[in-house]
Amino acid sequence: MGDHLQEKSQLKSGAPVSLNGDSKLVEKHGSEENGHDHAASGVNGGQEYKRYTFSPQPTLEDIRRMQAEFTDERDWNQFHQPRNLLLAMVGEVGEVSELFQWRGEVPEGLPNWSDSEREHLAQELSDVLIYLVELAEKCHVDLPQAVLRKMALNRLKYPASKVHGSAKKYTEYQE
């Protein structure tokens, strides 16, 4: 955990952080109307890119704890069993889908969306995340560690040297 905290402080300070040894990222905070626009920029394979980045707080553990307190205060644990949480999350994903319905392709950053549409999306995505984190808690899945394991598996299934620029499923390119 100490290494993780050190990595955060390096990002906050603007010092480069190596990712997989082949690209460098430097966190830069832009200023958009809402004041929460974060962008990471760097070089990957000779090409510059900018990526949106999240704020470092709250952590998934912070979110889990806040939701647990919220649920405990309302005596809702009796209703928040895994099946119910999954169905609630699926309902929230449906609400997110509804916001994109009939819009066709939507460019990154949602440039044609109003502030109220963006806020509505933020609220619905937050609902999905809250239910996901609580579902992971109720199923005793350490979500951050599960993500690390899954990313390692994905790297094996989708080696960059074989899939670069391709949207094919891993079964379509294996020898």
Side-chain angles (χ1 to χ4, degrees), residues 1-29 37-68 81-97 99-100 105-110 121-122 124-175:
M1 181 154 165
D3 291 338
H4 181 66
L5 292 174
Q6 182 180 6
E7 181 176 305
K8 277 187 183 177
S9 67
Q10 288 176 336
L11 281 173
K12 277 263 227 218
S13 71
V17 175
S18 176
L19 297 178
N20 302 325
D22 62 0
S23 62
K24 303 279 185 199
L25 283 182
V26 177
E27 187 177 59
K28 293 184 179 180
H29 296 284
D37 189 27
H38 303 279
S41 62
V43 178
N44 188 5
Q47 295 201 10
E48 284 193 39
Y49 63 91
K50 286 192 176 190
R51 262 207 188 117
Y52 180 83
T53 62
F54 299 131
S55 334
Q57 298 296 325
T59 66
L60 284 179
E61 175 56 22
D62 294 336
I63 293 167
R64 186 209 58 78
R65 190 173 33 256
M66 286 187 293
Q67 179 62 12
Q81 298 308 308
R83 177 186 167 277
N84 293 342
L85 292 168
L86 172 63
L87 293 175
M89 183 176 66
V90 167
E92 295 299 339
V93 169
E95 291 184 32
V96 172
S97 299
L99 298 176
F100 286 87
E105 284 300 319
V106 177
E108 184 174 335
L110 312 176
L121 175 62
E124 298 304 338
L125 288 173
S126 295
D127 286 339
V128 171
L129 179 62
I130 289 166
Y131 279 126
L132 175 63
V133 169
E134 190 172 4
L135 177 60
E137 175 194 32
K138 297 295 183 179
C139 294
H140 297 188
V141 171
D142 182 345
L143 206 50
Q145 291 301 306
V147 167
L148 293 176
R149 290 191 307 273
K150 181 60 176 172
M151 291 303 299
L153 286 173
N154 286 346
R155 287 186 188 286
L156 294 174
K157 283 170 68 172
Y158 296 97
S161 62
K162 288 188 178 181
V163 303
H164 189 83
S166 173
K168 291 181 182 178
K169 187 173 178 177
Y170 71 97
T171 55
E172 296 181 53
Y173 68 83
Q174 285 187 335
E175 298 151 14

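Quick note: numbers below take in every heavy atom, side chains included, and nothing from hydrogens, waters or symmetry partners.
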Ignoring hydrogens and angles, write down the donor-acceptor pairs under 3.5 Å from the side chains of residues 124-131, residues two or more places apart or on other chains.
{"unit_1": "Glu124", "atom_1": "OE2", "unit_2": "His120", "atom_2": "NE2", "d": "3.2"}
{"unit_1": "Ser126", "atom_1": "OG", "unit_2": "Ala122", "atom_2": "O", "d": "2.7"}

Open item on the list: Distance check, rounded to the nearest 0.5 Å: Leu143 atom CG versus Leu148 atom CG?
Closed with: 10.0 Å
Open item on the list: Testing the basics here: between Leu135 and Met89, what is the closest heavy-atom pair and its distance to 0.1 Å?
Closed with: CD2-CE, 4.2 Å
Task: Euclidean distance, Ser97 OG relative to Glu92 CD, rounded to 0.5 Å - done: 11.0 Å
TODO: Run through Lys150, Arg149, Met151, Gln145 and flag the one making a side chain to side chain contact (heavy atoms under 4.5 Å, CB included) with Val147.
DONE: Met151
Open item on the list: Could you work out, with side chain to side chain donor-acceptor pair (under 3.5 Å) as the rule, every residue matching Glu61, not counting sequence neighbours?
Closed with: Arg64, Arg65
Open item on the list: Apply side-chain contact (heavy atoms from CB on, under 4.5 Å) to residues Gln67 and Val133 and explain how you reach the verdict.
Closed with: CA-CA 9 Å; Gln67 179 62 12; Val133 169; over 6 Å; no
Open item on the list: Does anything in residues 141-162 form a ring pair (Phe, Tyr, Trp, His ring centres under 6.0 Å)? List the pairs, not counting sequence neighbours.
Closed with: Tyr158-Tyr170
